[in-house]
Amino acid sequence: LSVDEFEVIKSHTTQGCEVLQQIEALQDKKYMSISYNICRHHHERSDGKGYPDNLVGDAIPIEAQIVSIVDAYEALVGERDKCNGKKVGYAFDKEKAFKMITNGECGNFSDDMINAFTKSKLLLEKIAEKYSEEL
């Protein structure tokens, strides 16, 4: 992607928050706060090189950190193109994907998040297997 194209792609975080703000009065405030944090900050990186706000470490809401690491895992093990849902068949095996994330090859996550991800490895593999069979 060109620099301009990537800027358009990155805007999904802030545009999603604009949509959420339109329905804020209809939702529970705590639910909206969590939703907003996930929407806005799921592409932040622990090292501050993410977007849209370049948050560092614990400044990234925990709910966004969780979605971010699970999204990275799903992107590595998933066999479907996210845009059209068709099977593309270029997924990494679960062990390779796990190592790529824990070794820092995909994303930049806090030590606490890597530890939680490591403890959740078997559960995530079961979930990935279940949903890959259903699709």
Side-chain angles (χ1 to χ4, degrees):
L1 297 175
S2 71
V3 172
D4 290 341
E5 289 168 330
F6 189 53
E7 287 303 315
V8 170
I9 295 294
K10 291 184 344 184
S11 73
H12 78 276
T13 57
T14 53
Q15 289 178 5
C17 289
E18 290 173 15
V19 171
L20 282 173
Q21 289 173 328
Q22 298 300 314
I23 61 170
E24 185 172 13
L26 305 175
Q27 302 293 328
D28 172 84
K29 297 227 182 286
K30 185 173 182 173
Y31 176 81
M32 284 301 294
S33 175
I34 291 169
S35 298
Y36 184 92
N37 286 339
I38 291 170
C39 191
R40 184 170 185 96
H41 301 299
H42 68 281
H43 285 292
E44 299 289 356
R45 295 170 45 108
S46 189
D47 62 5
K49 295 181 181 177
Y51 62 88
D53 300 315
N54 306 106
L55 298 180
V56 176
D58 291 338
I60 304 166
I62 189 69
E63 54 269 27
Q65 292 183 52
I66 293 167
V67 169
S68 180
I69 200 165
V70 172
D71 184 55
Y73 180 75
E74 191 280 327
L76 292 170
V77 301
E79 293 184 358
R80 296 194 178 272
D81 182 310
K82 289 186 178 186
C83 294
N84 65 25
K86 293 182 181 174
K87 227 176 191 181
V88 291
Y90 53 73
F92 291 97
D93 69 69
K94 293 172 188 71
E95 192 60 37
K96 173 72 173 165
F98 177 80
K99 286 180 181 175
M100 290 171 75
I101 290 171
T102 57
N103 291 338
E105 297 172 51
C106 293
N108 183 275
F109 306 102
S110 70
D111 291 341
D112 288 341
M113 194 54 48
I114 292 293
N115 289 336
F117 180 72
T118 300
K119 290 177 183 176
S120 302
K121 181 178 185 273
L122 292 177
L123 177 62
L124 288 169
E125 288 175 351
K126 287 179 184 177
I127 291 169
E129 185 69 27
K130 176 184 177 185
Y131 287 101
S132 69
E133 290 172 2
E134 289 182 11
L135 296 174

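Residues forming a side chain to side chain contact (heavy atoms under 4.5 Å, CB included) with E63 (at least two apart in sequence, or on another chain): I34, N37, I38, P61. For the side-chain hydrogen bond (donor to acceptor under 3.5 Å, both in side chains) test, no residue two or more places apart in sequence or in another chain qualifies with Q21. Considering only residues two or more places apart in sequence or on other chains, F117 meets the ring pair (Phe, Tyr, Trp, His ring centres under 6.0 Å) condition with Y73, F98. Under the rule for a side chain to side chain contact (heavy atoms under 4.5 Å, CB included), the partners of S110 that lie at least two apart in sequence or sit in another chain are S46, Q65, D112, M113.
Annotation for D47 and N108: closest pair N-OD1, 2.8 Å, computed over non-hydrogen atoms. Closest non-hydrogen pair, A97 versus V77, comes out as CB-CG1, 3.5 Å.
Under the 3.5 Å distance criterion, the side-chain polar atoms of N103 are matched with a main-chain donor or acceptor of K99. Of the possible donor and acceptor atoms, one in the side chain of S68 sits under 3.5 Å from a partner among the backbone N and O of H42.
Residue D93 places its CG atom among more than 12 non-hydrogen atoms of other residues, nucleotides or ligands, all under 6.0 Å distant.
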I'd like a table of donor-acceptor pairs (distance under 3.5 Å, sequence neighbours excluded) in which one partner is a side-chain atom from residues 48-60, with atom names and distances.
{"unit_1": "D53", "atom_1": "OD1", "unit_2": "R40", "atom_2": "NH2", "d": "2.9"}
{"unit_1": "D53", "atom_1": "OD2", "unit_2": "R40", "atom_2": "NE", "d": "2.7"}
{"unit_1": "D53", "atom_1": "OD2", "unit_2": "R40", "atom_2": "NH2", "d": "3.4"}
{"unit_1": "N54", "atom_1": "ND2", "unit_2": "G48", "atom_2": "O", "d": "3.4"}
{"unit_1": "N54", "atom_1": "ND2", "unit_2": "G50", "atom_2": "O", "d": "2.8"}

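In this structure, CG on L20 lies 5.0 Å from SG on C39, to the nearest 0.5 angstrom. Atom CG of L122 sits about 12.0 Å away from atom NZ of K94, to the nearest 0.5 Å.
Under a hydrophobic-cluster definition in which Ile, Leu, Val, Met, Phe, Trp and Tyr are linked whenever side-chain heavy atoms come within less than 4.5 Å, directly or via other members, V67 and I9 are assigned to different clusters.
Counting only residues at least two apart or on different chains, the salt bridge (charged side-chain N to carboxylate O under 4.0 Å, His left out) pairs with a member in residues 4-20 are E7-K10. Evaluation of the side-chain hydrogen bond (donor to acceptor under 3.5 Å, both in side chains) test over residues 113-128, restricted to residues two or more places apart or in two chains, returns E95-K121, K121-E125.
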